[in-house]
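Report on the structure given below.
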Amino acid sequence: MKLRKAMAVALAGALVLTTFATGTTSEAAKKTKLKTKKVSIYVKGKKKISITGKKAKHKYTFTSKKKKIAKVSKKGVITGVKAGKTTITVKDTWKQKGKKKTKKLGTIKVTVKKKKTVIPKVTPQVPAPQTPVPQPPAPPTTQDPNGGGVTPPGDATQTPTAPPAKTSKPPKTQPPTPVPTPTPPKREDQVATTYAPANMAEVEKVDGVTYDPETGSISVKDVEQFCIPLGYTVKNGHAIWVKIKGKMNGEQGFRSWLVNDMANKTTLSDQWEAKNEEGFQAPGEFDYTFQLLSESDDVTCLLIKGPVYGTNIDDLLITSIEISYPLGEGGSTKPDPEEPTVNMDLEKHTITAGSKTTAEVSASAGQIKEVTWSVEDETIATVEKDAQDPKKATITGVKAGETKVTAEVKVNVEGKDFTVTTEKDLKVAEEGALVVNASIESAPTEVIVGETAELKVTVDTGTIENVVWKVEGDAATIETDSVEKVKAVLKTVKVGEVTVSATVTVKKDGKTATDTAKVTINVIKDPTDIIEIDIANTKNIAISGWGQDPTYEIQGDGSVKITWGSDAANYRFVKFGFEGMDLTNYWCVIDAEGHYANVDIQDAEKKEPSYGNPLSVTKPAYGVTFPYTVKLDDAALNADVTAQDGTKADYTNVGGVNIYKGTETEEFSLTVKSIKFYKYEEDIPKA
């Protein structure tokens, strides 16, 4: 019996040792890896960063290089802010033998795209004079003025058939008498006035050019050239003054002049060279002021290039660029920047007396210059600004109670200063108390109606005994997981706002504690329900034919004024092109004011058999007044015309809106304010 009992004990011990050894080996083999390497999302879209092999008591932090392009939550949820590219750095932090250790897990390349409103470049086709002029069809004499069949125009030298007579001619709005553009003073008579900082965050994305959002500086290494947008268009004969500061770490210097845009970089001004400045020294710090005179009406960018042809900029740091454009002051089309939003993240919302937590603020746009930290009740907790990073602070618990942590944040956005205040509630428990710090992971700020969101509650310590999920608001419902009580699914049912809460009960070392985590989620409409065309993109406005065509001008409010001269050829049109989209059963609404006009909508790829023009998918509408609304359904479909490829018109690849004149012989104009497509009729603004 004793032998049998001894053997049993030995076997049990061996089993324990085997289990322990196996668990240790498994844990050692468990390696933390960044699974997400590349992300492509739309503006307002979201993507959760995936990390495999997460370890207990490790903290994972996420930092976006360009928060104006994409921001990332402390839980690793990326949100697209505006179109562009950025990177997100992921770090793993833990304590080992009382010392804090940090390891970089990797970086994620993020591309944010503008959903369904990005307009590709449309190059107007200009035929040779002997070729028939591509133009929208004139209506046959039996044509109903509200639409109908189409008779293609004859030879370009012939007079097209006139539109049918109308029983009631819409009233005309005479265009205002054009104000002549004043001739700018001579170069030497133009003087600088107010300087405004250039938005260096919008520097051209070129390999070797790096923008640092923390310092607002630009680092350039072994780069041929790059552009910085001015934020407005400099007119011909107008001078601007540039103040540029920084440090040349190389020995070559650099040059600068004005160009039309980033894509073309056509030289449109005189050139300035650093080496010609008095006291030029490289390496060394610099502070230069120089004047450039525009030679075109299309200047939008400042170009910085290597010191001589064929030589790159070797090593340059630009700390600030300020520009004065006196003749353009008051007439700039660039709107004032909006006030940014500021958010505070508390590492822990509950601490014990004597323990600490950290706070950090972030801004939706611009550069944070200064932060003033405070605590509502300093008998509950105290706050101390980080000596190295003003965006961070350390909060220390003093005694049990509740208080607020406040940050007054000074942010500079495109040269304008804003002061924004943000605050968070902080709870201090008695020393030695069990602190839960519940939080809801993967909670998005927005969810499209009809979609779902997966939620999970986590705690700092202890074993979760129970979770009670609740949702306040009727825009969504919550369904708990019958197996894993820490998980739930939010199901959206209508547009609105809901607050989701998870009350967690935790047990550890004989102690029990509860905590409630809350998140507010907005249930929104699908952004593709309303699609607005970027009509002010000058590269994508096409004008028909050759000869006496209409002209257009972008207005300060983003509208487009089209003018047909008295000698403009009949049925000459302006086309607003865009990326092909399936717009079946959408409503097209064109908001404009001025003279009545003709309208038709085109396919993005299909061509007409006779002239090779883009195929009209709607019947042309003649003499319409504005706002003009047409539903892209069977009633409006140009079903009688066959494309070059033998197929019929449909709305699966709509790619342009044409606005054109008839046979008027006097000059007239029309100002197009917007072109929008609505999925639901109830979303169309009422007149």
_Rounded at 0.5 Å granularity, tell me how far CD in Gln367 sits from OG1 in Thr215._
6.5 Å
*Report the distance from atom OG of Ser320 to atom CG of Asp287, rounding to the nearest 0.5 Å.*
7.5 Å
*Test side chain to side chain donor-acceptor pair (under 3.5 Å) on Thr396 and Lys356 and set out the steps.*
CA-CA 4 Å; Thr396 304; Lys356 300 178 185 294; 2.9 Å; yes
_For Val342 and Phe418: C-alpha separation, side-chain torsions, deciding distance, then whether side-chain contact (heavy atoms from CB on, under 4.5 Å) applies._
CA-CA 11 Å; Val342 174; Phe418 296 91; over 6 Å; no
*Kindly say whether Ile524 contributes a backbone atom to a donor-acceptor pair with the side chain of Asn522 at under 3.5 angstrom?*
no
*Considering residues, nucleotides and ligands other than Lys205, do more than 12 of their heavy atoms fall under 6.0 Å from its NZ?*
yes
_Leu293 and Gln291: CA distance, side-chain angles, deciding distance, side-chain contact (heavy atoms from CB on, under 4.5 Å) verdict_ = CA-CA 7 Å; Leu293 187 70; Gln291 182 197 51; 5.7 Å; no
*Short question: side chain of Thr87, backbone of Lys109 - any donor-acceptor pair under 3.5 Å?*
no
_4.5 Å side-chain heavy-atom contact, Ile69 and Val81_ = no
*Provide the closest heavy-atom pair for Ala393 versus Val383 in the form atom of the first, atom of the second, distance.*
CB-CG2, 3.7 Å
*With rounding to the nearest 0.5 Å, note down the distance linking OG in Ser269 to CD in Gln271.*
7.5 Å
*Taking it one step at a time, do Ser256 and Val242 satisfy side-chain contact (heavy atoms from CB on, under 4.5 Å)?*
CA-CA 10 Å; Ser256 183; Val242 180; 5.9 Å; no
*Please determine which of Gln252, Lys305, Glu224 meets the side-chain contact (heavy atoms from CB on, under 4.5 Å) test together with Asn312.*
Glu224
*Once you round to the nearest 0.5 Å, how far does CG of Asp92 lie from OH of Tyr60?*
4.5 Å
*Quick one: do Lys525 and Asp683 make a salt bridge, cutoff under 4.0 Å?*
yes
*Provide the closest heavy-atom pair for Met581 versus Ile533 in the form atom of the first, atom of the second, distance.*
CE-CD1, 4.2 Å
*With a 4.5 Å limit on heavy-atom distance, are the side chains of Val206 and Cys227 in contact?*
no
*Ignoring hydrogens and angles, tell me if any N or O in the side chain of Trp373 forms a donor-acceptor pair with the backbone of Val405 under 3.5 Å.*
no
*Between Thr394 (side chain) and Thr358 (backbone), is there a donor-acceptor pair under 3.5 Å?*
no
*State, to 0.1 Å, how close Met200 and Ser217 come at their nearest heavy-atom pair, and which atoms those are.*
CE-CA, 4.1 Å
*Please check if the side chain of Lys424 supplies one atom and the backbone of Met344 the other of a donor-acceptor pair under 3.5 Å.*
yes
_Side-chain heavy atoms of Val500 within contact of Ile521, under 4.5 Å_ = yes
*Calculate, to the nearest 0.5 Å, the distance between atoms OG1 and CG belonging to Thr210 and Leu317 respectively.*
10.5 Å
*asked:* Given 3.5 Å as the limit, does a donor-acceptor pair link the side chain of Thr492 with the main chain of Glu451, or not?
replied: yes
_Has Thr36 got a side-chain atom pairing as donor or acceptor with Ile49's backbone, closer than 3.5 angstrom?_
no
*Above 12 or not: heavy atoms from other molecules or residues under 6.0 Å from NZ of Lys66?*
yes
*Neighbour count above 12 (heavy atom, 6.0 Å) for Lys265 NZ*: yes
_Distance-minimising heavy-atom pair for Glu532 and Ser674_ = OE2-CB, 4.1 Å
*Asn437 side chain to His349 main-chain N or O, any donor-acceptor pair under 3.5 Å?*
yes
*Would you please classify the geometry between the Tyr288 ring and the Phe254 ring as parallel, tilted or perpendicular, with 30° and 60° separating the classes?*
tilted
*Please check if atom NZ in Lys38 has more than 12 non-hydrogen atoms from other residues, nucleotides or ligands closer than 6.0 Å.*
no
_Close side-chain approach of Phe286 and Ile244, heavy atoms under 4.5 Å_ = yes
*Mark yes when over 12 heavy atoms from residues, nucleotides or ligands other than Lys518 sit less than 6.0 Å from its NZ; otherwise mark no.*
no
_Within the supplied structure, the quantity of interest is the number of heavy atoms (other residues, nucleotides, ligands) at a distance under 6.0 Å from Lys275 NZ; does it exceed 12?_
no
*Can any side-chain N or O of Thr300 pair as donor or acceptor with the backbone N or O of Asn260 at less than 3.5 Å?*
yes
*Could you go step by step and tell me if Val259 and Leu268 meet the side-chain contact (heavy atoms from CB on, under 4.5 Å) rule?*
CA-CA 5 Å; Val259 297; Leu268 296 175; 5.8 Å; no
*Is it true that atom CD of Glu446 has more than 12 heavy atoms of other residues, nucleotides or ligands lying nearer than 6.0 Å?*
yes
*Do you know the tightest heavy-atom contact between Thr289 and Lys243?*
OG1-CG, 3.4 Å
*Check for a donor-acceptor pair, side chain of Arg255 on one end and backbone N or O of Trp272 on the other, with a separation under 3.5 Å.*
no
*Considering all heavy atoms of both residues, which atom of Ile535 and which atom of Ile541 are nearest to each other, and what is their separation?*
O-CD1, 3.4 Å
*Counting heavy atoms not belonging to Glu251, are there more than 12 under 6.0 Å from its CD?*
no
*To the nearest 0.5 angstrom, please state how far the CD atom of Glu273 sits from the CH2 atom of Trp257.*
8.5 Å
*Go through Lys235 and Asp297 one step at a time and tell me if the salt bridge (Lys or Arg N to Asp or Glu O under 4.0 Å) criterion holds.*
CA-CA 4 Å; Lys235 299 300 182 182; Asp297 284 333; 5.2 Å; no
